[in-house]
Visitor: 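Pasting in a structure now, in structure tokens, and then I'll have a few things to ask.
Each chain gets a letter, A, B and so on, in the order the sequences are listed, and its residues count up from 1.
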Amino acid sequence: MLYIHNSFTKQKDLFTPITPGKINMYVCGITVYDYCHIGHARTVLAFDVMYRYLLARGFEVNYVRNITDIDDKIIKRAHENKESVETLVDRFILAMHEDFAALGAQSPSQEPRATQTIPQMIAMITTLIANGYAYVAKNNDVYYHVRKFASYGALSHRKLDDLCVGARVDVNEDKQDPLDFVLWKAAKPGEPSWPSPWGLGRPGWHIECSAMATDILGETLDIHGGGHDLVFPHHENERAQSEGATGKHFVNLWIHTGFVEVDAEKMSKSLGNFFTIRDVLKTFDAQTVRFFLISSHYRSPVNYSQENLQQARACCERLYLALRCRKLSEVELDENNAYVKRFYAAMDDDFNTPEALSVLFDLAREVNIASSLDSSHADELASVLKQLAGTIGLLSLAPEVFFQQTSKPSANLDALSNDAIEQLIADRKAARLAKDFAKADAIRNELLDKGVILEDNATGSCWRRS
RNA sequence: GGCUGGGUGGCAGAGUGGUCAUGCAGCGGCCUGCAAAGCCGCGUACAUCGGUUCGAUUCCGUUCCUAGCCUCCA
């Protein structure tokens with residue numbers, strides 16, 4: 001029994017796929033005109049966790065995430081950079097793929113681009129005009145007549161009349177109503193454009209997603225998601241477009257993710273308080289970033305700070321330490337296992353990752369206790385831990401690989417090579433055998449200064465970078 | 001102004017009408033040549049004021065604070 005919070009109903013709804021065992025999920029992706037920041041990472045990883053978990057629970061998931069590769073900001077940026085729209089877009093799509101891959105996010109099943117879905121958009125707009133929901137203005141723009149769609153505002157829980165008050169209303173004499181939004185923009189000189197029944201032009205933002213989603217996944221989606229800032233107007237408009245065109249219920253479950261904040265403010269480009277994914281990954285490893293971003297619930301805000309990332313790193317270390325020196329094997333997760341049961345219960349309750357993480361920590365303690373008592377039992381528990389964590393993309397590295405990464409950028413400058421570390425450890429071992437503890441401690445302190453922590457055990461010494 | 005959320009221990013962050021979150025940091029102990037890691041233990045947390053209740057951090061209302069959306073935005 002999987003319960004997911006639905007923005008439409010504002011409560012946790014029992015999730016039932018349209019086709020048993022199969023889920024179609026559409027997530028609004030990125031407008032590609034700049035590098036992705038950690039706020040984008042939050043949303044991408046939130047849905048990556050859902051995707052992985054749903055797959056792990058045996059669902060077949062068709063996960064579609066679009067790319068907006070034509071809009072005002074792209075055109076503006078390309079012009080500023082004195083490059084073509086194509087060059088700009090190609091560059092940032094490549095960067096986005098690099099960044100998401102570096103974060104360990106799985107690729108979506110399909111990743112449609114707006115400019116490759118133009119005919120479907122034109123078809124949908126044509127239908128909307130025929131159905132009386134849209135009109136062609138004098139300037140050859142096509143607009144959606146918001147007041148014709150009876151349930152407009154139902155998703156974002158606002159009334160049309162409230163929208164007018166206080167908001168900066170777009171003054172546009174071509175619109176019949178200030179709230180109407182554009183479906184098709186007539187081309188201006190020098191802008192990319194496509195032929196249409198209304199002349200050369202390009203699509204409005206909202207129609208892209210309606211067209212791509214219904215084209216690939218059908219008229220009704222199981223899940224549609226995105227960042228919380230997309231609820232209004234983007235998703236509200238998508239509903240109006242899709243349902244106005246198809247006459248069918250568009251989305252069963254709306255999922256929206258909370259923001260990354262900096263000093264308790266939303267991270268955004270206009271505030272200039274954003275950190276790009278590639279910059280953050282220079283300082284913190286991908287597992288730490290993932291842990292940080294899922295250590296609070298996906299609908300809650302998460303505050304970006306060095307301190308919080310460092311805490312996340314320490315948490316990851318604790319989990320990885322439980323795996324170290326264990327013989328890990330592929331195991332089938334048994335739903336009767338108490339930890340598996342608790343973990344699934346947490347995730348089935350609106351993807352409660354903080355609760356699920358607490359189960360992983362409890363299991364890690366169990367591994368640590370078992371490690372000195374019953375090694376093979378500890379190995380089994382550790383294998384379950386790794387497998388369970390894997391369902392949300394954690395503990396995916398070999399422990400020694402994780403520990404050979406450092407989270408301190410300054411340490412990279414004069415970092416010792418693995419071979420040099422091993423040599424010093426060998427020297428220290430000789431000193432210890434000779435009971436020359438002063439020398440042994442000197443070597444250990446030298447390593448510590450270089451960011452390497454030593455841990456002695458029965459067979460020798462383990463090391464890890466701090 | 002309208003409409004949504006949120007205020008939990010030094011920090012992060014779940015949750016619940018009545019013995020436990022969990023992690024980081026701190027303190028004490030065990031272990032260790034000494035450490036580290038680990039294990040065990042410790043710390044009068046639930047913004048405010050009222051109300052409901054045998055009992056509220058949890059339900060209801062007040063106040064204060066705070067974030068977001070109403071304009072492009074993950």
Visitor: Answer yes or no for K12(A) and Y3(A): cation-pi contact, defined as NZ/CZ to six-membered ring centre under 6.0 Å and angle to ring axis within 45°.
Guide: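 No, K12(A) does not sit over the ring of Y3(A).
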Visitor: Using atom P of each nucleotide, how far apart are rC49(B) and rU63(B) to the nearest Å?
Guide: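 Roughly 15 Å separates the two P atoms.
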Visitor: Should L160(A) and R147(A) be marked as a side chain to side chain contact (heavy atoms under 4.5 Å, CB included) after you check the CA-CA gap, both sets of side-chain angles, and the distance that decides it?
Guide: CA-CA 8 Å; L160(A) 281 177; R147(A) 290 187 190 271; 3.8 Å; yes
Visitor: With distance as the sole criterion, do the side chain of R444(A) and the base of rC34(B) form a donor-acceptor contact below 3.5 Å?
Guide: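 Pair found.
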Visitor: Using a 4.0 Å heavy-atom cut-off across all strands, classify D362(A) as base, sugar-phosphate, or nothing.
Guide: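 Since only primed, P, OP1 and OP2 atoms lie under 4.0 Å of D362(A), the category is sugar-phosphate.
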Visitor: Looking at rA37(B), I'd like to know if its phosphate oxygens (OP1 or OP2) sit under 4.0 Å from a side-chain N or O belonging to N457(A).
Guide: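 No, N457(A) has no side-chain N/O under 4.0 Å of OP1/OP2 on rA37(B).
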Visitor: May I ask which nucleotide in the shown strands pairs with rG68(B), Watson-Crick or G-U wobble, both distances under 3.5 Å?
Guide: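 Its partner is rC3(B).
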Visitor: I'd like the C1' distance from rC31(B) over to rG43(B), given in whole Å.
Guide: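 One C1' to the other, the span is 24 Å.
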Visitor: Got a donor-acceptor pair under 3.5 Å from the side chain of E455(A) to the base of rG38(B)?
Guide: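 A donor-acceptor contact between them is absent.
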Visitor: Could you tell me how far rA74(B) sits from rG5(B) if I compare only their P atoms? Round to whole Å.
Guide: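 It works out to 23 Å between them.
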Visitor: From CG of N368(A) over to P of rC40(B), roughly how many Å is that when rounded to an integer?
Guide: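 Answer to the nearest Å: 9 Å.
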Visitor: Tell me: CG of L103(A) to P of rA74(B), nearest whole Å?
Guide: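 After rounding, the gap between these two atoms is 16 Å.
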Visitor: Give me the distance, rounded to whole Å, that separates rU48(B) from rU8(B) when you measure between the P atoms they each carry.
Guide: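 Result for the P pair: 11 Å, nearest Å.
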Visitor: Examine the base of rG5(B) for any acceptor or donor lying under 3.5 Å from a partner atom in the side chain of R299(A), and report the outcome as yes or no.
Guide: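 Donor-acceptor pair under 3.5 Å: no.
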Visitor: Answer with base, sugar-phosphate or nothing: what part of the nucleic acid does V44(A) contact at a heavy-atom distance below 4.0 Å?
Guide: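 No contact.
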Visitor: Closer than 4.0 Å, any side-chain N/O of N352(A) to the OP1 or OP2 of rA14(B)?
Guide: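 The answer is no; no side-chain N or O of N352(A) sits under 4.0 Å from OP1 or OP2.
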Visitor: Is there a donor-acceptor pair closer than 3.5 Å between any side-chain N or O of Y298(A) and the backbone N or O of M50(A)?
Guide: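 No: the side chain of Y298(A) does not pair with the backbone of M50(A).
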Visitor: Base, sugar-phosphate, or nothing for G29(A), non-hydrogen atoms under 4.0 angstrom?
Guide: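 If one applies the 4.0 Å heavy-atom cut-off, G29(A) turns out to touch the sugar-phosphate alone, with no base involved.
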Visitor: Could you check if a side-chain atom of L293(A) sits within less than 4.5 angstrom of a side-chain atom of V260(A), using non-hydrogen atoms only?
Guide: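 Yes, at least one pair of side-chain atoms sits under 4.5 Å.
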Visitor: Does rG17(B) have a Watson-Crick or wobble mate here (both distances under 3.5 Å), and if so which one?
Guide: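 Paired with rG17(B), as far as the under-3.5 Å criterion goes, is no nucleotide at all.
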Visitor: May I ask you to establish whether R57(A) and F15(A) are in a cation-pi arrangement, using a distance under 6.0 Å from NZ or CZ to the six-membered ring centre and at most 45° from the ring axis?
Guide: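 Not satisfied by the 6.0 Å and 45° rule.
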Visitor: May I ask you to say what F292(A) touches in the nucleic acid, namely base, sugar-phosphate or nothing, with a heavy-atom cut-off under 4.0 Å?
Guide: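 Here F292(A) touches no strand at all.
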Visitor: Need the pair for rC49(B). Rule: Watson-Crick or G-U wobble, both distances under 3.5 Å, any strand; none if unpaired.
Guide: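 rC49(B) is paired with rG61(B).
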Visitor: Just to verify, what does Y33(A) make a ring pair (Phe, Tyr, Trp, His ring centres under 6.0 Å) with, not counting sequence neighbours?
Guide: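 Scan of Y33(A) (ring pair (Phe, Tyr, Trp, His ring centres under 6.0 Å), adjacent residues dropped) gives none.
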Visitor: Rounding to an integer number of angstrom, what distance separates rA45(B) and rG9(B) when you compare their C1' atoms?
Guide: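 4 Å, rounded to whole Å.
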Visitor: Please check if any side-chain donor atom of S375(A) sits under 3.5 Å from a side-chain acceptor atom of R326(A), or the reverse.
Guide: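 Per modelled atom types, S375(A) and R326(A) side chains form a pair under 3.5 Å.
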Visitor: If the cut-off is 4.0 Å, is R342(A) near the phosphate of rU22(B), judged by side-chain N/O to OP1 or OP2?
Guide: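 No, no such contact exists.
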Visitor: Using whole Å, what does the distance between atom P of nucleotide rA67(B) and atom NE2 of H256(A) come to?
Guide: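 Distance, rounded to whole Å: 22 Å.
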Visitor: Round to a whole Å and report the spacing from NZ of K159(A) to P of rC70(B).
Guide: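 Result: 19 Å.
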Visitor: OP1, OP2 of rG38(B) versus side-chain N and O of R318(A): anything below 4.0 Å?
Guide: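 The answer is yes; a side-chain N or O of R318(A) sits under 4.0 Å from OP1 or OP2.
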Visitor: Between rA47(B) and rC11(B), how far is it from one P atom to the other, in whole Å?
Guide: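 One P to the other, the span is 14 Å.
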Visitor: Any base atoms under 4.0 Å from F232(A), or only sugar-phosphate, or nothing? Heavy atoms, all strands.
Guide: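 Sugar-phosphate, no base atom in range.
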Visitor: Between rG26(B) and rG68(B), how many Å separate the two C1' atoms, rounded to a whole number?
Guide: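 Pairwise C1' distance, rG26(B) against rG68(B), rounds to 36 Å.
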Visitor: State whether the distance check finds a donor on one side and an acceptor on the other, under 3.5 Å, for side chain D456(A) versus base rC34(B).
Guide: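 For D456(A), whose side chain was compared with the base of rC34(B), there is a donor-acceptor pair (under 3.5 Å).
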Visitor: Can you measure W463(A) atom CH2 to rA37(B) atom P for me and round it to whole angstrom units?
Guide: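 The answer, rounded to whole Å, is 17 Å.
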Visitor: Reckon K435(A) touches a base, only the sugar-phosphate, or nothing at all at heavy-atom distances under 4.0 Å?
Guide: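 Touches nothing.
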Visitor: If only side-chain N and O atoms of S300(A) are considered, is one of them under 4.0 Å from the OP1 or OP2 phosphate oxygen of rA14(B)?
Guide: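 Yes, within the criterion.
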Visitor: Who is the Watson-Crick or G-U wobble partner of rG38(B), with both distances under 3.5 Å?
Guide: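 Across all strands, the one nucleotide that pairs with rG38(B) is rC30(B).
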Visitor: Between rC69(B), rA21(B), rA37(B), spot the one nearest the side chain of L321(A), thanks.
Guide: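 When the side chain of L321(A) is considered, rA37(B) is the closest of rC69(B), rA21(B), rA37(B).
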Visitor: What is the base-pairing partner of rG43(B), counting Watson-Crick and G-U wobble geometry with both distances under 3.5 Å?
Guide: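 Here rG43(B) is not engaged in any pair, so there is no nucleotide opposite it.
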Visitor: Remember a base hit wins even if backbone is also touched, and classify I30(A) as base, sugar-phosphate or nothing at under 4.0 Å, heavy atoms.
Guide: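 Counting heavy atoms under 4.0 Å across all strands, the contact made by I30(A) is with sugar-phosphate only.
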Visitor: What nucleic acid atoms does G226(A) come within less than 4.0 Å of, heavy atoms only: base, sugar-phosphate, or nothing?
Guide: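 Counting heavy atoms under 4.0 Å across all strands, the contact made by G226(A) is with sugar-phosphate only.
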Visitor: Look at the side chain of D441(A) against the base of rG33(B) and say whether a donor-acceptor pair falls under 3.5 Å; ignore hydrogens and angles.
Guide: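 Yes, a donor-acceptor pair under 3.5 Å.
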Visitor: Establish, with yes or no, whether the OP1 or OP2 oxygen of rC69(B) is under 4.0 angstrom from a side-chain nitrogen or oxygen of K266(A).
Guide: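 Affirmative; the distance criterion is met.
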Visitor: For rC11(B), does the base pair up with any side-chain atom of E307(A) as donor and acceptor (N or O, under 3.5 Å, distance only)?
Guide: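 Flag unset: no donor-acceptor pair detected.
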Visitor: With heavy-atom distances below 4.5 Å as the criterion, would you say the side chains of I30(A) and F100(A) are in contact?
Guide: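 When only atoms from C-beta onward are counted, F100(A) and I30(A) do touch, with a gap below 4.5 Å.
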Visitor: Can a side chain N or O of R428(A) be found less than 4.0 Å away from OP1 or OP2 on rA36(B)?
Guide: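 Checking rA36(B) against R428(A), no side-chain N or O comes under 4.0 Å of OP1 or OP2.
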Visitor: Once you apply the 3.5 Å cut-off to both distances, tell me the Watson-Crick or G-U wobble partner of rG9(B), or none.
Guide: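 When the pairing criteria are applied, nothing turns out to pair with rG9(B), so the answer is none.
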Visitor: How long is the line joining NE2 of H297(A) and P of rG7(B), in whole Å?
Guide: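 Going from NE2 in H297(A) over to P in rG7(B) covers 13 Å.
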Visitor: Less than 6.0 angstrom from the centroid, inside 45 degrees of the normal: does R432(A) satisfy that with respect to the ring of F437(A)?
Guide: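 Judged by the rule (NZ or CZ under 6.0 Å from the ring centre, within 45° of its axis), R432(A) is not positioned above F437(A).
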Visitor: Roughly how far apart, to the nearest Å, are rG23(B) and rG18(B) at atom P?
Guide: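 Rounded to whole Å, the distance is 22 Å.
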Visitor: Roughly, in whole Å, what's the span from CZ in R432(A) to P in rA36(B)?
Guide: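 Between P of rA36(B) and CZ of R432(A): 14 Å.
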